2 protein chains.
Amino acid sequence: MDEAFSGYYDSSSPDGAASSAASKNIVSERNRRKKLNERLFALRAVVPNISKMDKASIIKDAIDYIQELHDQEKRIQAEIMELESGN
Amino acid sequence: MDEAFSGYYDSSSPDGAASSAASKNIVSERNRRKKLNERLFALRAVVPNISKMDKASIIKDAIDYIQELHDQEKRIQAEIMELESGN
DNA sequence: CATCACACGTGATTC
DNA sequence: TGAATCACGTGTGAT
């Protein structure tokens, strides 16, 4: 990385083809972002108590929620055990 | 919003104070991103079967997992009901 | 060679 | 006024 000097030229079709290689990337990138946002949105949908709308918080709430679920599952499992075996 | 014209000027001390308003933002942004990534990382940590490492997939897997947990909880709840009331 | 996924800096917007 | 959050286009490394 970081070549001292590189006499690069972009190449890309020398003649016409003004459509530039770049704008391809732009679109892809836009898509990636959209997808990511949708996912984030979906995540927000399955998590009950969202505190704030910002991305970081959404993920955080999701994490908390998962851990909560884990906890509950454990508790419930224990309860079953008791009911089953105990009597 | 969207004023036709706003003759705004960044101003910031006309004379010295070259410290540019911008570089403040750069740092903030860097932080935001870092935080977000850490969150994403943490999310990856609590979700068991990650298919791919890319951000979108991570979130997706998390969503799937949550739904799975929901399902299980329901099933287990039902089981308890049965054990309890049944007799 | 192209394609994907990423981090970056930047301008806009909002509180 | 300043801080925080976002979406964007771009350059880059990996596949």
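Within every chain, numbering begins at 1; the chains are lettered A, B, ... in the order of the sequence lines, protein sequences first and strands thereafter. Heavy-atom basis, side chains included; hydrogens, waters and symmetry copies ignored. What you see is a predicted model; the values in this text were computed from it and never measured.
- Scanning all heavy atoms of the two residues, the minimum distance from B/Q77 to A/I76 falls at NE2-CD1, 3.9 Å.
- With sequence neighbours left out, the side chain to side chain donor-acceptor pair (under 3.5 Å) criterion links B/R32 to B/E29.
- For the pair B/K24 NZ and C/dG9 C1', the computed distance is 16 Å after rounding to whole Å.
- Side-chain atoms of B/E79 and A/E84, non-hydrogen and from C-beta on, do get closer than 4.5 Å to each other.
- Rounded to an integer number of Å, the gap from CZ of A/F41 to P of D/dA7 is 12 Å.
- Cluster membership for B/L69 and B/I50, using ILVMFWY side-chain heavy atoms within less than 4.5 angstrom, is shared.
- Applying a 4.0 Å cut-off to non-hydrogen atoms, the residues of residues 30-38 of chain A that approach DNA chain D are A/R30, A/R33, A/N37, listed by residue number.
- Listed by chain and residue number, nothing satisfies the side chain to side chain donor-acceptor pair (under 3.5 Å) test with B/Q72 (two or more places apart in sequence, or in another chain).
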Kindly list each side-chain donor-acceptor pair under 3.5 angstrom involving residues 34-46 of chain A, sequence neighbours excluded, with atom names and distances?
none

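- Residue pairs that meet the side chain to side chain donor-acceptor pair (under 3.5 Å) test with at least one member in residues 61-71 of chain A, sequence neighbours left out, are A/S51-A/D61, A/Y65-B/H70, A/H70-B/Y65.
- Contacts between residues 46-54 of chain B and DNA chain C, defined by a heavy-atom separation under 4.0 Å, are made by B/K52, B/D54.
- Between the CD1 atom of B/I80 and the CG atom of A/L83 there is a distance of 6.0 Å, given to the nearest 0.5 Å.
- For the contact set between residues 55-63 of chain B and DNA chain C, defined by any heavy atom under 4.0 Å, the members are B/K55.
- Residues satisfying the salt bridge (Lys or Arg N to Asp or Glu O under 4.0 Å) criterion with B/K74, sequence neighbours excluded, are absent altogether.
- Rounded to an integer number of Å, the gap from B/E29 CD to D/dC8 P is 14 Å.
- Rounded to whole Å, the distance from CG on B/N25 to P on C/dT14 is 16 Å.
- Under the rule for a side chain to side chain contact (heavy atoms under 4.5 Å, CB included), the partners of A/D54 that lie at least two apart in sequence or sit in another chain are A/K52, A/A56, A/S57.
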